[in-house]
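The structure under discussion appears below in the form of structure tokens.
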Amino acid sequence: MLEIRPNCECCDKDLLPDSTEAMICTYECTFCVKCVDEILENVCPNCGGGFTSRPIRPKIARRAGLSIVDQPASTKRVHTKYKIEELKRFSQAVKKIKPQER
């Protein structure tokens, strides 16, 4: 089950559980769409993979126990350990490789 992290790891923007601006990689690193597009260029700075929109957990349990109420989002904020310039250098080296070939 996804943690549904509460913030962008780069700019620390709040990303509510139902945000359509949240992007994740296969390891669930979480960034806002602006940082993914403008800084990371669709390259996760942690694993080198690509990003996809984070799914939104249902607000209403249409099946018993399966909703954001029953399984709340994480409140633990995560921040990248890299500086913006390091993120950009890493992205430059990887971005021309298609995510499925990385």
For a 4.5 angstrom cut-off between non-hydrogen side-chain atoms, does [X] reach [Y]?
X: Val69; Y: Lys59; result: no
X: Cys10; Y: Ile39; result: yes
X: Pro45; Y: Leu40; result: yes
X: Pro17; Y: Ile68; result: yes

Main-chain N/O of [Y] paired to [X] side chain as donor or acceptor, under 3.5 Å:
X: Arg57; Y: Leu2; answer: yes
X: Glu9; Y: Thr30; answer: yes
X: Arg5; Y: Lys76; answer: no

Would you be so kind as to tabulate the donor-acceptor pairs closer than 3.5 Å made by side chains of residues 19-28, with sequence neighbours excluded?
{"residue": "Ser19", "atom": "OG", "partner": "Glu21", "partner atom": "N", "Å": "3.0"}
{"residue": "Glu21", "atom": "OE1", "partner": "Lys13", "partner atom": "NZ", "Å": "2.4"}
{"residue": "Glu21", "atom": "OE2", "partner": "Lys13", "partner atom": "NZ", "Å": "3.4"}
{"residue": "Glu28", "atom": "OE1", "partner": "Glu3", "partner atom": "N", "Å": "3.4"}
{"residue": "Glu28", "atom": "OE2", "partner": "Glu3", "partner atom": "N", "Å": "2.4"}
{"residue": "Glu28", "atom": "OE2", "partner": "Ile4", "partner atom": "N", "Å": "3.1"}

>> Checking Cys29 against Asn46 for the side-chain contact (heavy atoms from CB on, under 4.5 Å) test, could you report, in this order, the C-alpha distance in whole Å, the side-chain angles of both residues, the deciding distance, and whether it holds?
In response: CA-CA 8 Å; Cys29 301; Asn46 301 311; 3.2 Å; yes
> Can you list every pair that meets ring-ring contact (aromatic ring centres under 6.0 Å, His included) and has a residue in residues 31-63, with sequence neighbours left out?
Replying inline: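 For residues 31-63, and leaving out neighbouring residues, the ring-ring contact (aromatic ring centres under 6.0 Å, His included) pairs sorted by first residue read Phe31-Phe51.
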>> By the ring-ring contact (aromatic ring centres under 6.0 Å, His included) test, which pairs, at least two apart or in different chains, include something from residues 79-102?
In response: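 Every candidate ring-ring contact (aromatic ring centres under 6.0 Å, His included) pair involving residues 79-102 fails, so no pair, neighbours aside, qualifies.
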> Among all residues two or more places apart in sequence or in another chain, which pass the salt bridge (charged side-chain N to carboxylate O under 4.0 Å, His left out) test with Glu86?
Replying inline: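 For Glu86 there are no salt bridge (charged side-chain N to carboxylate O under 4.0 Å, His left out) partners, ignoring immediate neighbours.
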Enter the distance from [X]:[atom1] to [Y]:[atom2] here, rounded to the nearest 0.5 Å.
X: Cys8; Y: Leu15; atom1: SG; atom2: CG; result: 6.0 Å
X: Ile60; Y: Asp70; atom1: CD1; atom2: CG; result: 11.5 Å
X: Ser91; Y: Lys96; atom1: OG; atom2: NZ; result: 12.5 Å
X: Lys88; Y: Lys83; atom1: NZ; atom2: NZ; result: 14.5 Å
X: Arg54; Y: Asp18; atom1: CZ; atom2: CG; result: 8.5 Å

>> side-chain contact (heavy atoms from CB on, under 4.5 Å), that's the test. Do Gln92 and Glu41 meet it? Break it down for me.
In response: CA-CA 8 Å; Gln92 289 296 315; Glu41 300 187 74; 2.7 Å; yes
> With a cutoff of under 4.5 Å between side-chain heavy atoms, which Ile, Leu, Val, Met, Phe, Trp and Tyr residues group with Val78?
Replying inline: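 Its cluster mates, by chain and number: none.
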>> Holding to side-chain hydrogen bond (donor to acceptor under 3.5 Å, both in side chains), I want the full list of residues that pass it with Arg77, two or more places apart in sequence or in another chain.
In response: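 With neighbours one apart ignored, the set is Asp12, Asp14.
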> For Val43, which of Val36, Ile97, Leu87, Val94 qualifies under side-chain contact (heavy atoms from CB on, under 4.5 Å)?
Replying inline: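 The residue from Val36, Ile97, Leu87, Val94 that satisfies side-chain contact (heavy atoms from CB on, under 4.5 Å) with Val43 turns out to be Val94.
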